[in-house]
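Per chain, numbering begins at 1; letters A, B, ... match sequence-line order.
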Amino acid sequence: MSTTRALVILLVSLSFTCVIPVVFTGYNEVCSSEAGSEQSTEFRNKVDTSKLSGIEYLIADMYNNDRVLYAVVVTLVMATLGTGMAFLTDLVLKALGLEVSRISHKE
Amino acid sequence: MFDIRLPIAGIEFNVLLLILIGFCVGVLGGFFGVGGGWIVTPALNIFGFHMAYAIGTDLSNIFGQSIGATKKHHKMGNIDWKLGSISIVASIVGLELGSQLIIELEKAGDVGSIVRWCYLFLMFGLSTLMFYDYFRMNPKKIGRKQDSSNNSSGAEQGPTRSKLAQSLHKINLPPMISFPTSGIQSVSLWAVLLVFALTGFLSGFLGVGGGFIRMPALVYLIGVPTSIAIGTDLMSVLASGAYGCFTYAMKGRVEIFAAFFMLIGSSIGAQIGATAVKYIKGYGIRLLFAIMIAFAGCSIALEQVYKITSVPFYQSAAGLVLMGTAVCLTLIVIVKLVVEFKREKKIRA
């Protein structure tokens, strides 16, 4: 890769893509003095489930009452979703011709 | 419009932003063999996550995304399982020592500033080393050298290793061990353990996963080819991610809904990033890695300026530089993948 080209692309797109957070959240939110940890919600060890329903209620209730089960569910969900999404993406990439096999390790 | 309620963290968050952050960190994670926690944690924090949830949610995402990426690197023969297993064991010892030092320093006073200065020094030091190495050992120069060498003697050239790695390989302290997958015939086990203990110590001291420290250490200190360093590092990232995901969830620090949406983006990104390793040569990857950590260093420098001056602009600028770097490096990796793929297709046709 041409070094100069990589640096130019990086700098140009850096200036351009800084706009993305602004588009999503509005300039004032991102760049105001309240941005960052000051604006964050406090860490709450319990969730108020009174206004929740369905899956949100189930998860929040589990979070409040059985932290071990919550940890097991989080780990299993992450493992299953990670594997499943990777499998699906792999299928799409294969269909596009981007199949990978053992490669030679050239520097 | 795309806001969703995150009941555990108690906030509303833009789902597209979660997927975008996940996608970027996935591409970079799969491509560089890092977890990307140093991008996600500050990014989530900037957009309103409490730091405690940001770290735990990020670790859960790292765990999920690295499963697919590790599998893909294994398929490409990029994982040295023996070296990876040693790295996990030695890193744990180093990590414990690093975190103990932090606890001792915390008793003495404000440790945050010391950690940030060390972080800065490490980031800029690593990027300088990698830039220097790239321009010194430019692949074109190597090609010319190899051509002239082959013309004169006809001998085949061995893999190009850094001087540091060559010195480490000369240490003759038994037991000696070989890593055939990485092309290492013989190296002292003590030297390898020391390298990983050191990288573990740094990650414990700085409070990071350590992928961005381990990957260059594998390349420059142990002499592993870049793509194998990436795959082997991802194996360690997967192990630490699994542990981190479970323990942080136990402590109630994981926002499962946010992690879920981030993982949709990151597992797609990780597959694309891992595939790109096939199409980009080791030196190209190292150059992009050097650029990435140089910008990350700039972001930490801005954060440090904010701590000193208390001018909020610097904190926002730090976050924007970090996010901007992640987004544009992702674009570079994808564009490079598409260009190289098209070129290969043309050659085949």
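The residue among B:A249, B:A259, B:A326 with the most heavy atom pairs within less than 4.5 Å of chain A is B:A249. Contacts with chain A were tallied for B:E344, B:K72, B:K345, B:K71; B:K72 has the most, counting heavy-atom pairs under 4.5 Å. No other option in A:T83, A:V68, A:T80 has as many heavy-atom pairs under 4.5 Å with chain B as A:V68.
Heavy-atom distances place no part of A:V92 under 4.5 Å from chain B, backbone and side chain included. If you measure heavy-atom distances from B:F2 to chain A, you find no contacts under 4.5 Å at all. Residue A:L93 touches chain B through its side chain alone, counting heavy-atom pairs closer than 4.5 Å. Residue contact with chain A, scored on non-hydrogen atoms closer than 4.5 Å, involves the side chain of B:I67 exclusively. With a 4.5 angstrom heavy-atom cutoff, A:L88 does not touch chain B via any of its atoms. Looking at B:Y248, there are no atoms closer than 4.5 Å to chain A (heavy atoms on both sides), in backbone or side chain. When heavy atoms are compared at a cutoff of 4.5 Å, B:Q65 does not approach chain A at all. Proximity to chain A (any heavy atom under 4.5 Å) is restricted, for B:L337, to the side chain, taken from C-beta onward.
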Query raised in the report: Under the side chain to side chain contact (heavy atoms under 4.5 Å, CB included) criterion, do A:L96 and B:F341 qualify, and how do the steps go?
Result: CA-CA 10 Å; A:L96 291 170; B:F341 171 64; 5.7 Å; no
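The shortest non-hydrogen separation linking A:M78 to B:C245 is CG-SG, 4.2 Å. The two residues B:P7 and A:V47 make their nearest non-hydrogen contact at O-CG1, 3.3 Å. Across A:T89 and B:S267, no two heavy atoms sit closer than the pair OG1-O, 4.3 Å. Taking every heavy atom of both residues into account, B:I8 and A:Y63 meet most closely at CG2-CE1, 3.5 Å. Of all heavy-atom pairs between A:K51 and B:R5, the closest is O-NH1, 3.8 Å. Summarising the geometry of B:I256 relative to A:Y70, their closest heavy-atom pair is N-OH, 3.5 Å, with the distance given to 0.1 Å.
One distance of note links CZ of B:F257 with CD1 of A:I55; it measures 6.0 Å at 0.5 Å rounding. Note that CE of B:M262 is 12.0 Å distant from CG of A:L81, once rounded to the nearest 0.5 Å. For the atom pair B:I268 CD1 and A:M85 CE, the distance stands at 3.5 Å (nearest 0.5 Å).
Remark: B:F246 engages no residue in a ring pair (Phe, Tyr, Trp, His ring centres under 6.0 Å) (not counting sequence neighbours).
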